[in-house]
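Reviewing the structure listed below.
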Amino acid sequence: MKILAIESSCDETAAAVVEDGRKVLSSVVASQVAEHRLYGGVVPEIASRRHAEVISKVVSQSLEEANVTLNDITAIAVTYAPGLIGALLVGVNFAKGLSYATGLPLVPVHHLRSHIASNYISNPELKPPFLCLVVSGGHSHIVMVEDYTKMKIIGKTRDDAAGEAFDKAARTMGMPYPGGIELDKVAQNGDPLAFKLPRPTVHDAPYDFSFSGLKTAVINLLHNAEQKGIELNKADVCASYRYAVVDCLTTNFLKAAEDLNAKKLVIAGGVSANSLLRSTLQDECKKRGYEFYMPEKFLCGDNAAMVGSQGYYEYLSGNIAGTDLNAYATMSIEK
Ligand code: KG4
Ligand code: ZN
């Protein structure tokens, strides 16, 4: 069964054709990052307008590259929540129009569920149940994936998401948006123990995260040094900060795994591309005898292949939208 998938929740317009949830026949991603970089972050109205301009072309290209026509497609999957509302509406409305014109069923897909599904593409043997750390620019969740479409939130951030915390610190150091990627690269040459940074925890909620205090601590460190005319070693700051963020993420994730007796661990979302997060969890899971899965790096960021994968399982579970499908800026992954 071939699914045509569409994604426009943030600053990537993407379309893909995916067979049986696991085989990617095509995946086209048109990124707007270069334009948003001029403003230091995503400008929602610009994002919506760029999606509107390129979506037809991106979808046609995904069909061409898969060497199929709409006659070969069984269903249309689209990201409908959460994300920038104006951006989501472009994809949702395009998918609705296409569904109306072709009579193909429309499958609504939750963005974070699709990030998790990127793992089904990279790891064909992976099946639920498993415990997943979902870390993106907007969310940081520990999720028990009981089945393909049944999820339970075990922990989440109380303030900033991990990606946001990386991006804001990177911005203070003059790195271009989205700074998390460059911060990760610069950190490779630094000493993670050079600067002592806090490891904030949330009282009575051992699986929840809080990154705002840690982010403020590194920004204060940078500002204080600047005021005193001291030049800090940038690689050391990046390495110490990356170590602190990854330490918070892995500590809570591994504690949740231990407490819940979960022996299959998975990571997903843009921040799952972070090299220290990947290597730390790989080592820790090996030590503990857990199975560990992660998406290939090119599937960590936003794309439509992951929407086609999750869309397949949503379709099988009977999740078909009517013509009144709307988009939502926020929505729990559990629904
Ligand atoms: O999942 P994603 O592409 O978009 C959202 O759904 O938010 O995640 C984007 C986030 C950005 O904050 C970006 O800086 C971060 O993922 N990111 C990274 C790395 N690659 C992307 N953060 C740390 N290390 C990386 N290597
Ligand atoms: Zn995302």
Side-chain angles (χ1 to χ4, degrees), residues 5-14 16 27 29-33 36-37 40-42 44 47 78-85 87-88 91 109-119 132-141 143 156-157 160-173 175-188 190 192 211 214-215 218 238-239 241-250 267-281 294-307 309-310 329-331 333:
I6 295 170
E7 151 68 35
S8 71
S9 66
C10 191
D11 55 354
E12 257 97 35
T13 320
S27 177
V29 181
S31 178
Q32 312 170 355
V33 154
H36 295 293
R37 193 166 279 157
V42 178
V78 64
T79 310
Y80 79 119
L84 299 172
I85 193 65
L88 286 164
V109 176
H110 189 285
H111 183 61
L112 297 182
R113 286 188 178 202
S114 68
H115 270 301
I116 294 172
S118 63
N119 279 285
C132 188
L133 176 70
V134 193
V135 271
S136 69
H139 298 84
S140 299
H141 281 6
V143 180
K156 61 180 174 188
T157 183
D160 292 347
E164 197 180 348
F166 273 129
D167 292 346
K168 284 183 181 161
R171 187 168 158 175
T172 310
M173 285 184 270
M175 295 173 185
Y177 171 82
I181 302 162
E182 190 172 330
L183 190 149
D184 188 15
K185 277 189 203 139
V186 176
Q188 295 297 102
F211 292 112
L214 174 53
K215 175 195 70 186
V218 77
C238 288
Y241 185 63
R242 181 179 69 165
Y243 178 41
V245 173
V246 168
D247 200 12
C248 293
L249 289 170
T250 53
I267 56 173
V271 180
S272 69
N274 186 270
S275 34
L276 183 67
L277 181 66
R278 292 167 85 90
S279 61
T280 304
L281 283 173
M294 53 193 173
E296 291 155 279
K297 281 205 174 179
F298 74 97
L299 287 170
C300 291
D302 291 344
N303 64 83
M306 65 187 193
V307 181
S309 175
Q310 184 61 24
T330 57
M331 176 168 294
I333 195 172

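Order of listing sets the numbers, starting from 1, for every ligand and every atom in it.
- Among pairs with a residue in residues 295-306, none fulfils salt bridge (Lys or Arg N to Asp or Glu O under 4.0 Å), at least two apart in sequence or across chains.
- Taking any N or O of F166, backbone or side chain, none lies under 3.5 Å from an N or O belonging to ligand 1.
- Closest of all the heavy-atom pairs between F211 and A165 is CB-CB, 3.9 Å.
- The shortest heavy-atom distance from R242 to ligand 1 is not under 4.0 Å.
- Residue contact check for ligand 1: C10 places no non-hydrogen atom closer than 4.0 Å to it.
- Nearest to atom 15 (C) of ligand 1 among the protein's heavy atoms is V271 CG2, 3.9 Å.
- Those atoms of ligand 1 with a heavy atom of G163 less than 4.0 angstrom away are 12 (O).
- Remark: minimum distance from atom 26 (N) of ligand 1 to any protein heavy atom is reached at D184 OD2, 2.9 Å.
- Nearest protein neighbour of atom 24 (N) of ligand 1, counting heavy atoms only, is N274 ND2, 3.0 Å.
- Of the polar atoms of D167, at least one N or O is found under 3.5 Å from an N or O of ligand 1, judged by distance alone.
- Excluding water, every protein N/O/S atom under 2.8 Å from the Zn ion (ligand 2) is given here by residue and atom: H111 NE2, H115 NE2, D302 OD1.
- Residue G301 places no N or O, backbone or side chain, under 3.5 Å from any N or O of ligand 1.
- For E164, no nitrogen or oxygen atom sits less than 3.5 Å from a nitrogen or oxygen atom of ligand 1, counting backbone and side chain alike.
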Legend entry - Residue pair T157, H139: steps toward the side-chain contact (heavy atoms from CB on, under 4.5 Å) verdict: CA-CA 7 Å; T157 183; H139 298 84; over 6 Å; no
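- Within a 6.0 Å sphere centred on CZ of R171, other residues, nucleotides and ligands contribute 12 heavy atoms or fewer.
- Heavy atoms of other residues, nucleotides or ligands lying less than 6.0 angstrom from OH of Y177 number more than 12.
- Closest approach of C10 and Q32 over heavy atoms only: O-OE1, 4.5 Å.
- Looking only at heavy atoms of the protein, atom 10 (C) of ligand 1 is closest to G137 N, 3.6 Å.
- Judged purely by distance below 3.5 Å, without hydrogens or angles, the side chains of S27 and N303 never pair a donor atom with an acceptor atom.
- Those atoms of ligand 1 with a heavy atom of I181 less than 4.0 angstrom away are 19 (C), 20 (N), 21 (C).
- Counting atoms of ligand 1 from 1 in the listed order, those under 4.0 Å from a heavy atom of P178 are 14 (O).
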